[in-house]
Number of protein chains: 2
Amino acid sequence: MSVAIENFVKAIYNNDKHDIKDTKPGNIAKQLGISSPAATDMAKKLAAKDLLHYEKYQALQLTEKGKKMALNVVRKHRLWESLLFKMFDLSLHDIHREAELLEHQTSDLLAEKISEYLGHPKFDPHGDPIPNADGKITTTDTSITLADAEEGKTYTIARLMSDDKEFFDFCAQNGIKYRNTLTVSKQFSGNKMTQIAIGSNTIVLNENFTKIIYVDEN
Amino acid sequence: MSVAIENFVKAIYNNDKHDIKDTKPGNIAKQLGISSPAATDMAKKLAAKDLLHYEKYQALQLTEKGKKMALNVVRKHRLWESLLFKMFDLSLHDIHREAELLEHQTSDLLAEKISEYLGHPKFDPHGDPIPNADGKITTTDTSITLADAEEGKTYTIARLMSDDKEFFDFCAQNGIKYRNTLTVSKQFSGNKMTQIAIGSNTIVLNENFTKIIYVDEN
DNA sequence: ATTAATTTTTAAGCTTACTTAAATATTTTA
DNA sequence: TAAAATATTTAAGTAAGCTTAAAAATTAAT
């Protein structure tokens with residue numbers, strides 16, 4: 001299967017998973033940086049391969065086969081991120097970018113070797129869970145976004161859901177990092193802004209950030 | 001530049017380097033597993049990009065730009081081989097296969113990080129020299145093939161010039177490994193067969209093997 | 001030195017993964 | 001609920017990287 005197909009299936013999986021918007025060709029196209037017609041074409045092609053269900057004007061839905069493919073790619077991505085993060089002094093954003101390419105050129109054998117080497121980690125450096133070789137995610141996710149966090153409570157950062165460089169740079173500068181602890185000092189105006197205390201810093205985060213930082217209550 | 005282009009340029013570089021046959025489209029095509037017309041087409045295309053010189057019916061020759069590209073890919077290949085070999089229990093053949101894919105999806109930055117991590121190694125696990133970031137090979141190669149080795153003398157294995165699984169399996173079984181020591185006990189019939197003593201084994205190698213095992217005199 | 005064998009090139013055509021423009025369907029909003 | 005806005009699909013076309021078949025040139029052999 002081609003890189004284009006793997007990326008398409010992965011995009012549906014990610015979109016679907018986090019339910020940000022409905023999973024129609026146009027949305028997937030935007031995520032992949034291709035045109036809508038290209039996405040519609042691809043959707044039809046993948047339906048013929050039994051990777052997804054396609055009906056005109058309806059949301060795309062992965063079949064079991066499609067989900068398995070997506071999880072296999074996601075596994076490789078997160079294993080690469082884990083390995084590169086451990087070995088090299090590279091930013092989370094750089095690591096993400098490298099993993100985005102390597103994930104498609106990695107045999108199941110190599111993925112297993114990487115997993116073994118790392119002691120079969122359950123989470124990657126962003127806090128995202130790593131599926132096992134069978135495509136199963138064995139950890140249950142109880143995290144919520146910072147926007148939904150409560151004033152006064154203390155949380156552990158569970159995930160940084162982004163691939164934007166500026167976001168990661170900001171996080172790095174402010175100690176916002178997987179497994180770090182923070183306290184919500186104040187929620188403003190319908191929780192569109194959140195003030196947190198983290199380490200020795202106090203920061204106010206806007207909606208863009210409070211919706212992609214996931215936390216677990218301590 | 002695409003994977004197809006990188007592989008084409010690399011194939012010319014390798015062919016040219018070791019001078020096995022003349023570097024015409026048909027030869028390159030065979031190495032890449034594509035048809036001769038495809039190779040001719042590609043050659044014309046790459047000539048237009050100033051990566052090689054093309055003249056009808058003549059051997060292909062890389063330009064400086066082409067050579068630089070080839071060396072950059074070769075560098076990444078050999079760095080990956082070095083890293084995978086060090087980290088994982090994988091055969092030389094498996095490592096070669098993985099590196100063949102990863103080499104095209106590796107930024108210069110990541111290559112540099114790998115090189116740094118390994119202490120800027122000068123040779124990969126096959127004994128092939130690793131070009132530096134500028135595409136320079138700083139080590140001089142004094143090795144000869146086993147076919148050219150002399151009876152009674154002792155040598156160190158310098159390179160295993162192959163990507164054939166059976167060859168590597170045979171080597172692994174018989175202690176034929178980069179930097180190991182062997183003694184040429186006998187040369188037969190115009191050096192088409194060579195008997196060597198290596199470790200506790202005595203082995204007779206035929207022409208196929210004596211021409212791809214490179215050694216340095218001790 | 002011709003002829004035969006081999007290689008290279010030309011030509012035509014295919015698949016994948018895109019594009020833009022226009023038509024059609026769906027959603028939103030007034 | 002009808003018009004306006006938006007999204008999806010159809011249609012036509014492109015570039016990359018291949019293919020096979022046939023023509024042309026080179027190389028090898030008698």
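Below, chains carry the letters A, B, ... as their sequence lines are ordered, and counting in each starts from 1. Only this structure's heavy atoms are used, side chains among them; waters, hydrogens and symmetry mates stay out.
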Candidates C:dT9, D:dT19, D:dT8 - which lies nearest the side chain of B:Ser35: D:dT19
Sidechain N-carboxylate O distance under 4.0 Å for A:Glu103, A:Lys10: yes
Among C:dT9, C:dT19, D:dC18, the nucleotide that comes nearest once only the side chain of B:Tyr54 is considered: C:dT9
Residue whose nearest DNA chain C nucleotide is more 5′ - A:Gly33 or B:Tyr57: B:Tyr57
Spacing between A:Gln58 atom CD and C:dT26 atom P, to the nearest angstrom: 8 Å
5' priority, DNA chain C, between B:Pro25 and A:Ser36 [closest heavy atom]: B:Pro25
Selected nucleotide, minimal atom distance to B:Lys44 side chain, candidates C:dT10, D:dC18, C:dC18: C:dT10
Short side-chain N/O contact from A:Lys56 to OP1 or OP2 of C:dT24, under 4.0 Å: no
Atom-to-atom span, CD1 of B:Ile28 to P of D:dC18 - whole angstrom: 14 Å
Rounded distance (Å) that lies between atom C1' of D:dA7 and atom CG of A:Leu60: 13 Å
A:Lys24 side-chain proximity, nearest of C:dT9, D:dC18, C:dT27: C:dT27
Sugar-phosphate only, base, or nothing, as touched by B:Phe8 at under 4.0 Å among non-hydrogen atoms: nothing
Euclidean distance, atom CG of residue A:Asp41 to atom P of D:dG13 [Å, nearest integer]: 15 Å
Salt-bridge present (A:Arg97, A:Glu100; N to O < 4.0 Å): no
Residue B:Ala4, side-chain heavy atoms: nucleotide from D:dC18, C:dT9, D:dT10 that is nearest: D:dC18
Residue-phosphate contact under 4.0 Å: B:Ser2 side-chain N/O, D:dA16 OP1/OP2: no
Closest to the A:Ile34 side chain, choosing from D:dC18, C:dC18, D:dT8: C:dC18
Within the 6.0 Å centroid threshold, strictly below: B:Phe168 and B:His126: yes
Side-chain touch B:Asp128/B:Glu81, heavy atoms, less than 4.5 angstrom: no
A:Lys30 NZ - D:dT8 P separation (whole Å): 8 Å
Separation of C:dT27 C1' from A:Asn27 CG (nearest whole Å): 14 Å
d(CD, A:Glu55; P, C:dT26) in whole Å: 12 Å
Minimum side-chain heavy-atom gap A:Val184-A:Tyr155 below 4.5 Å: yes
